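Please read the structure below before turning to the comments.
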Amino acid sequence: MKKQATNYCQLVVQQAMVDGVRFEWPCKLEIKWYLPDQRIDPDNWSFTKKFIFDGMQKANISSEMFLPNDSYKFVKGYDETFEVDKLHPRVEIRAIK
């Protein structure tokens, strides 16, 4: 299941790269979780960051990597918030300085 989730994240990040999304590393990340409801605790969603970061590392377009490594050298931390969006659940990630 981890491999499947990581591969999905890789594909999403690669499409974002095709669409011109790039982060300037090192940076801190802002992660906004838009959940379908409040039935699952935030920490049960938050653990999926592992799959997202692994997918970011696997994503590349024409030998350009999205994220070279998810170590502290590149990821300086993250802020997370949780909202409910029943119609369009998603996660949004942006680089912040």
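As the structure is a prediction and not an experimental result, all values here were calculated from the model. Position 1 is the first residue of the sequence, and the numbers go up from there.
Side-chain contact between Q14 and L11: present, with at least one pair of heavy atoms (C-beta onward) separated by less than 4.5 Å. Side-chain contact check for F53 versus T6: every heavy-atom pair is 4.5 Å or farther apart.
Considering CZ of F51 and CG of N7, their distance stands at 11.5 Å, rounded to 0.5 Å. Here the straight-line distance linking atom CZ of F66 with atom CG of N60 works out to 12.0 Å at 0.5 Å rounding. Rounded to the nearest 0.5 Å, atoms SG (C27) and OH (Y78) are 13.5 Å apart. Rounding to the nearest 0.5 angstrom, the gap separating the NZ atom in K28 from the CZ atom in R94 is 11.5 Å. The CZ atom of F82 sits 11.5 Å away from atom CD1 of I40, with the distance rounded to the nearest 0.5 Å. With values rounded to the nearest 0.5 angstrom, S46 atom OG is found 11.5 Å from D41 atom CG.
The shortest non-hydrogen separation linking P89 to L35 is CB-C, 4.1 Å.
Cation-pi geometry between K76 and Y72 is satisfied (NZ or CZ under 6.0 Å from the ring centre, within 45° of the ring normal).
At least one donor-acceptor pair under 3.5 Å links the side chain of D85 to the backbone N or O of L87.
R22 and E24 are not joined by a salt bridge, as no carboxylate oxygen comes within less than 4.0 angstrom of a charged side-chain nitrogen. A salt bridge does not link D37 with K86: none of the charged nitrogens is closer than 4.0 Å to a carboxylate oxygen. K32 has no carboxylate O lying under 4.0 Å from a charged side-chain N of E80, or vice versa, which leaves the two without a salt bridge.
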Walk me through whether D54 and K58 qualify under salt bridge (Lys or Arg N to Asp or Glu O under 4.0 Å). CA-CA 6 Å; D54 288 351; K58 286 182 71 175; over 6 Å; no
Checking V75 against W25 for the side-chain contact (heavy atoms from CB on, under 4.5 Å) test, could you report, in this order, the C-alpha distance in whole Å, the side-chain angles of both residues, the deciding distance, and whether it holds? CA-CA 7 Å; V75 180; W25 305 103; 4.1 Å; yes
Step-by-step side-chain contact (heavy atoms from CB on, under 4.5 Å) determination, I96 to D79: CA-CA 9 Å; I96 55 177; D79 292 331; 3.9 Å; yes
Check step by step if side-chain contact (heavy atoms from CB on, under 4.5 Å) holds for V91 and I52. CA-CA 10 Å; V91 60; I52 294 169; 4.3 Å; yes
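Residue K2 qualifies as enclosed at atom NZ: its count of foreign heavy atoms under 6.0 Å is above 12.
Ring pair W45/W33 is tilted by interplanar angle, where 30° to 60° counts as tilted.
Residues V21 and I93 share a single hydrophobic cluster, defined by chaining ILVMFWY side chains whose heavy atoms lie under 4.5 Å apart. Note on I61: it clusters hydrophobically with L67, by side-chain heavy-atom contacts below 4.5 Å among ILVMFWY residues. Cluster membership for M65 and V18, using ILVMFWY side-chain heavy atoms within less than 4.5 angstrom, is not shared.
Q57 and D70 share a side-chain donor-acceptor pair at under 3.5 Å.
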